[in-house]
Amino acid sequence: MNGALNNPVIEIAYIVAVALFVLSLKWLSAPATARRGVLAGEIGMGLAVVATLLYHGIVTYKWIALGLGAGIAIGIPLGLVQMTAVPQRTALSHAFGAFASALVGTAEYYLRAPHITAFVMSALAVEVILGSLTFTASLMAAGKLQEVLPQRPITYTGQNFVNLGILGVAILAAILLVLNPGATWLFPAIIVIPLVFGFLLIIPIGGADMPTVISLLNSYAGLSAAAMGFVLRSKLLIVAGALDGSSGFVLSVIMSKAMNRSFTNVLFGAFGQVQVSAAGDAEAGTVRTATPEDAAAILEAANYVMIVPGYGMAVAQAQHKVREFYDVLTKRGIEVKFAIHPVAGRMPGHMNVLLAEADVPYDKLIEMEDANTEFPQVDVALVIGANDVTNPAARTDKGSPIYGMPILEVEKARTVMVIKRGMSPGFAGIDNKLYYLDKTLMLFGDAKGFVGNIVRELTGSGGH
Ligand code: NAP
C-alpha cells in the first residue's frame, strides 16, 4: 500500500473517500439527511476499494476475487435481516472486520520480523490485540443477542481480577515484542490470549447490555483498523479507523447515559442478575383489561394522546398500522404525539427509523425530557410494545436493576393503555408496576393486530 503514496490518482481517491466518510457521519446524525449519509458512506467505501485495487504492488487478483466473492456471499444475506436483528448483525460485521485486521497484522509481522521499528511494532501489537479480542467478544455478543447463547451473566468470585490478569499477560508479551521484535515465538501470545480474553469479557455481561457492548466493540475494531493504518502507512485507514473508533465510543456513551449506567458498570456490573424478587411481586397484583371497543371509546373522548412505542412495535412491524391510527385520531381533531425514549427498542434511533419508514411526521416525535413535561396534560398515554422504558421502578425501587435509568413517566397521564401480548417482562427481565395501577388498562394482543382493531372501531363506529 506504500506505493499508493507515489500514485496521485489513488491518493486523490483516498482523500475524496475520507471526505465522504466525514460527511456521511455528519449527515447520519439527523433523520432528514440520514439517507444521504448512507449513500455518501457507500460511495466513499466503493471509491476506497477501487482505488486500492489500482495499486501496482498487487501481484495477482486471484485471492482478492475469491475474498470479494466470499464477502458478497456473506454480506448480502446479512443485509437482509429483520431490523430487530440489526444489533447482532452489526456485531458479526465487527467480528469480521476485527478478524481481518488481526490477520493483516499477523501477516505483516511475519513478513517484516525482525526488522521492525519500535513504533511499528507497537502499532502492530495494538492492531492484533484489539482485533483478536474484538473478534471473539463480538461473536459472543452476537450469540447472546440471537439467544443461541444464554443471555444471563455468568459470574464467579475474582472474575474481573482473572480477566484483567489475562489481558495483562498479553500486554506484557506486546511490550517484550516491542523491545525485541525478533522474538517470533512470543507473537502467538498476542493473538491467542486476547482471543480468550474476548470470550471471557462477555461471559459476565447480561443480554440487556449487549447493544452498548457492541458499540464499544465497534470502537475497538475501529482503533484496530487505525493501528493497521500506521503499520501500512495508509492515511485512509488511519482516518476511517479513527472515525469508526470515536463514533462507536460516542454512541456507547450516549447509550450508557440513557440507561444511567457507567462503562465500568456495563463491563463489570453483571447487569440482569437481580431480577427474581421484582418478578416475584408480580403474581400478587391484578390488572384491568380492555377490548378494542373500550379503547376506541376512551380515545374518542380524548383531546391529547401520547403514543409510547417500544420493542414490541418493532417485533410486530406495527408502524404502518400506528400511522393509520395517528391519521384517524388527527382527523378527529385529537392532538397526537410520539414519546421517544433514547433506548426504546434494541438500538438507538430504532423507533425513529420505524416511524420514519411509516411516514409519521417527524415533528410529532418528541424526546423523553419534553414528553415527561407533557404527560400531566395527556389524556391517554398509549404504550405500544414498550415495557422497561416506562417502568416506574427505575425511579422508585433502589433494588431494581434498572434503578436510575431515566424513563418515560407515562403514569402521569390521566389514563394509561398498554398494548402487549401478555404479562411477560421486557428486555431487563423485570416486572412493571405500571400495569397494576388503577389508571392503567391492559390491551392484550399483538401490537399490529390490536392497533388495527382500534382503527376499525374508530372508523367503523363513525362519530359515537
Ligand atoms: P422491552 O422492555 O424489551 O419490552 C418490550 C415488550 O414488548 C415486552 O414486554 C413484550 O411483552 C412486548 N412485545 C413483544 N412482542 C410484541 C408484539 N408482537 N406485540 C405487542 N407487544 C409485544 O422494550 P422497550 O420498552 O422498548 O425497552 C428496550 C429495552 O432494551 C430496555 O431495557 C433497554 O435498556 C434495552 N436496550 C436498548 C438499547 C437501545 O439502543 N435501544 C440498548 C441497550 C439496551 P409481551 O411478550 O407480553 O408481548
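Counting convention: from 1, in listed order, for ligands and their atoms alike. Side-chain atoms are counted along with the backbone in the values below, which use heavy atoms only and exclude waters and symmetry mates.
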Could you tell me, atom by atom, which parts of ligand 1 come under 4.0 Å of a heavy atom of [X]?
X	result
F427	1 (P), 2 (O), 3 (O), 29 (C), 30 (O), 32 (O), 35 (C)
G426	1 (P), 2 (O), 3 (O), 4 (O), 9 (O)
G310	26 (O)
G345	26 (O), 28 (C), 29 (C), 30 (O), 37 (C), 41 (N)
A386	25 (O)

Please tell me if the side chains of V38 and E42 come closer than 4.5 Å, counting only heavy atoms from C-beta onward. yes
How about P309 and V322: do any of their side-chain heavy atoms sit closer than 4.5 Å?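 They are not in contact (no side-chain heavy atoms under 4.5 Å apart), so the answer is no.
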Enclosure of F444 CZ (heavy-atom neighbours >12, cutoff 6.0 Å): yes
Look at atom CZ of R35 and say whether more than 12 heavy atoms of other residues, nucleotides or ligands are closer to it than 6.0 Å. no
[X]-ligand 1 polar pair, N/O distance under 3.5 Å:
X	result
A447	yes
V315	no
P342	no
N387	yes
G385	yes

Option set [options], criterion heavy-atom distance to [atom], minimum:
atom	options	value
atom 3 (O) of ligand 1	H341, R346, M313, Q317	R346
atom 27 (O) of ligand 1	V389, L251, V308	V389
atom 16 (C) of ligand 1	R421, M423, M442	R421

May I ask you to say whether D327 pairs ionically with R323, meaning some side-chain N is under 4.0 Å from a carboxylate O?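 The answer is yes: the pair qualifies as a salt bridge.
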Ligand 1 contact on P425 by region, counting heavy-atom pairs under 4.0 Å: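 For P425, the contact with ligand 1 is made by the backbone alone.
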Stepwise, does the side-chain contact (heavy atoms from CB on, under 4.5 Å) test hold for I384 with F338? CA-CA 11 Å; I384 306 180; F338 293 79; over 6 Å; no
Could you walk me through whether F21 and M45 pass the side-chain contact (heavy atoms from CB on, under 4.5 Å) test, one step at a time? CA-CA 8 Å; F21 292 154; M45 191 54 81; 4.0 Å; yes
Donor-acceptor pair, T134 side chain versus G131 backbone, under 3.5 Å?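 Looks like no, no N/O pair under 3.5 Å.
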Qualifying residue, where the test is side-chain hydrogen bond (donor to acceptor under 3.5 Å, both in side chains) with Y304 and the options are E374, R414, Q377: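 The side-chain hydrogen bond (donor to acceptor under 3.5 Å, both in side chains) with Y304 is passed solely by E374 among E374, R414, Q377.
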If you measure only the distance, is there a donor-acceptor pair under 3.5 Å linking the side chains of T90 and N218? no
May I ask whether M255 has any heavy atom positioned less than 4.0 angstrom from an atom of ligand 1?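 Yes.
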